[in-house]
Amino acid sequence: METAELLLVLLIVVSAVVTLSRRLRVPYPVLLLVAGLAIGAIPGVPRIELAPDVVLVLVLPPIVYVTAFLTPIRSFRAEIGNIASLAVGLVLASIAVAAGVALVLVPGMTVPIAIALGAIVSPPDEIAATAVLERLAVPRRIVALLDGEALLNDATALTVYRVALLTAAAAASTLTLAPAGRFVLMIVGGVAIGLVVGWAVAEIRARLSDVPVETTISLLTPYAAYVPAELFGVSGVLAAVTAGLYIGRRSSRIMGSDVRIAGRAFWDMLVFLLNGVVFILIGLELSALARDTDRATLLALGAAGLAVSVALIAVRAAWLAGIGAWQRLALRERHPLTASEVAVLSWSGMRGVVSLAAALAIPIALPSGSPVPARDAVIAITFTVILVTLAGQGLTLPLVIKAVRLGGGDDDRDAEETQARRELIGEAMKRIDDLYERWPGHRPLLDQLRTAYQHRADHEDQLDQAPGNEAEQELVEHRQIRRDVIDAQREALADMRDRSAIDDDVLRKIERDLDLEELRMEA
């Protein structure tokens, strides 16, 4: 019962803290981390003991799956060179630098465990960065690079992490495959399993039309890809990512509108809760670590964690600056990374959920029964890196974006959306003209539809010609008019229910239609 009560308290804290973060305009992961630290400092609060693999297996697959599902493929392809450089090259460089710093500063650290530490702290978590970027409307390219990096860097880091732990477990014995060969095998195997699972799930969902069943299958999909891949000794993260990319690309053809609306709401809530609880847990674990470690050891490990943090920030900035210089001077690309983009991307390397999950998943003992060398130091350094990057960079990233003037919106995306809406209106009106011959008895309905779409076309043209403020004001007024009409229907519907003219099930069915109409208006 204590666990259930504690989980309830954590969910209440997550809701309250995120609401506060919206008002303070602070990335919610930062405040959740602070809340976890504050709760953990309260005398009598029990320490939450997590099994080593719980966070990694339960939390990671759905997060990477939904990120892959929502990835815009065209932007991903356009930036694939930069994404590969960040997700593979930068991760490997970060692993090498972090491992080198740890070997110098931490007594008893072995090379395999140092590499595992580097793999743990090398992949940035885009959650905190996205919370800032969405609010400040940075250009699409920045978001595409961070999303693409987050999509693949976890796979690179966790593959190296597993190889390092296998090497540590082998001790003096020789592995059946060299680390490089095992690395390649884990990547290829993970992609293959992800494709098989993605294809199978897509075929199944194309034949279903039951919203609860499809939502359940969507929840099981990342685990259906991740767990078998891990059992076969290949990359479960890449399997979940590949399945997400495959199904996301086919979603428009295999899912109905009800499933897409319900699914988006379900996944938004699930990812929000997972991230919220995990960031709270980070704060709780930090507090527990501070209580259980003597001051001298804590200061030494904190200094080592700070040194690793500074090294990671420096190598990320140097790597991105090198990409920009190479594109300008050697490749002479038309659109190289600008200094402003390099600055924002360099300062967006916050660590979070993945680093926590990987750190806690380090086994307590080797197969021989001896303890894992420097395990407590690895966890302490990881938490320090999370605290330094999440709080330090997370709180100052808005200032960096404003300083380099990259928060002015995305004109290209707005232009694409406007053009797409205009073309869709044209296609709708062409089909309506064809339907006059097919349905001659329904001319009044077709006339009504044609008038509505013609109004939309005229409205788009007026918005293009009107000054910015005038166009925005017209949009606000149009929405207010439609909202007033919908609100009047809602009030009448509730009044009918209150005087027992209709029952609640009828109210909910009609209310859903009004809700969908309002959502369409807001879109």
Side-chain angles (χ1 to χ4, degrees), residues 69-78 140 202-211 213-215 218 245-265 267 410-466 470-472 474-490 493 509-523:
F69 184 95
L70 298 175
T71 294
I73 300 298
R74 193 194 68 179
S75 298
F76 183 80
R77 287 174 178 167
R140 177 193 295 176
E203 292 299 311
I204 293 172
R205 296 188 64 175
R207 291 162 173 78
L208 297 176
S209 57
D210 190 296
V211 174
V213 173
E214 282 207 62
T215 304
S218 74
L245 286 171
Y246 185 90
I247 297 172
R249 189 64 171 175
R250 294 192 58 189
S251 61
S252 297
R253 291 181 171 84
I254 64 175
M255 301 177 194
S257 56
D258 282 359
V259 174
R260 284 194 294 272
I261 292 174
R264 185 63 182 263
W267 278 103
D410 193 335
D411 294 336
D412 290 340
R413 179 165 51 191
D414 294 341
E416 279 186 20
E417 181 180 345
T418 300
Q419 181 60 30
R421 290 184 184 277
R422 185 177 287 112
E423 291 185 15
L424 290 178
I425 291 171
E427 288 297 320
M429 294 181 68
K430 283 169 59 179
R431 179 57 61 89
I432 290 171
D433 290 341
D434 295 338
L435 292 176
Y436 275 107
E437 295 182 5
R438 183 177 175 184
W439 303 99
H442 295 282
R443 293 189 65 87
L445 173 60
L446 293 171
D447 288 341
Q448 181 183 359
L449 288 173
R450 203 179 198 293
T451 300
Y453 278 102
Q454 184 61 55
H455 172 73
R456 290 190 194 180
D458 294 341
H459 182 64
E460 292 287 345
D461 292 339
Q462 290 170 5
L463 287 178
D464 281 347
Q465 297 169 6
E470 182 181 338
E472 290 294 332
E474 185 175 4
L475 274 177
V476 170
E477 292 172 355
H478 280 217
R479 286 175 180 164
Q480 187 59 55
I481 291 170
R482 294 190 179 99
R483 190 178 293 111
D484 286 345
V485 174
I486 293 173
D487 287 344
Q489 294 177 79
R490 282 203 182 101
L493 191 64
K509 185 174 182 180
I510 299 175
E511 191 174 51
R512 177 180 178 276
D513 293 338
L514 294 174
D515 291 342
L516 291 173
E517 184 177 347
E518 183 174 10
L519 287 173
R520 185 179 64 179
M521 172 201 66
E522 292 293 343

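Values below: all heavy atoms of this structure, side chains included; hydrogens, waters and symmetry mates excluded. Just so we're clear, the structure is a prediction, and the values are computed from it rather than from any experiment.
Between Leu245 and Ile73 the shortest heavy-atom distance is CD2-CD1, 3.8 Å. Contact detail for Leu435 and Leu446: the closest heavy-atom pair is O-CD1, 3.6 Å. The minimum heavy-atom distance linking Glu437 with Pro440 is given by the pair O-CD, 3.5 Å. Smallest separation of non-hydrogen atoms from Ser218 and Arg205: CB-NH1, 3.4 Å. The heavy-atom pair separating Arg260 from Met255 by the smallest distance is NH1-O, 2.5 Å.
How far OG1 of Thr71 is from CZ of Arg249: 11.5 Å, rounded to the nearest 0.5 Å. The OG1 atom of Thr215 sits 10.0 Å away from atom CH2 of Trp267, with the distance rounded to the nearest 0.5 Å. Interatomic distance, Lys430 NZ to Asp434 CG, rounded to the nearest 0.5 Å: 8.0 Å.
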Applying salt bridge (Lys or Arg N to Asp or Glu O under 4.0 Å) to Glu203 and Arg250, what does each step give before you reach the verdict? CA-CA 10 Å; Glu203 292 299 311; Arg250 294 192 58 189; 3.3 Å; yes
Evaluate side-chain contact (heavy atoms from CB on, under 4.5 Å) for Arg512 paired with Lys509, printing each intermediate quantity in order. CA-CA 5 Å; Arg512 177 180 178 276; Lys509 185 174 182 180; 5.9 Å; no
After noting the C-alpha distance and the side-chain angles of Ile261 and Leu516, does the key distance pass the side-chain contact (heavy atoms from CB on, under 4.5 Å) rule? CA-CA 9 Å; Ile261 292 174; Leu516 291 173; 3.5 Å; yes
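Heavy-atom contacts from other residues, nucleotides or ligands closer than 6.0 Å to CZ of Arg77 number 12 or fewer. A 6.0 Å sphere centred on CD of Gln489 holds more than 12 heavy atoms belonging to other residues, nucleotides or ligands.
Listed by chain and number, the residues in a side chain to side chain donor-acceptor pair (under 3.5 Å) with Arg438 amount to none (sequence neighbours excluded). Remark: Asp210 engages no residue in a side chain to side chain donor-acceptor pair (under 3.5 Å) (not counting sequence neighbours).
The pair Glu427-Arg431 does not count as a salt bridge, with every side-chain nitrogen at least 4.0 angstrom from each carboxylate oxygen. For the pair Arg450 and Asp447, the salt-bridge criterion is not met [side-chain N within less than 4.0 Å of a carboxylate O].
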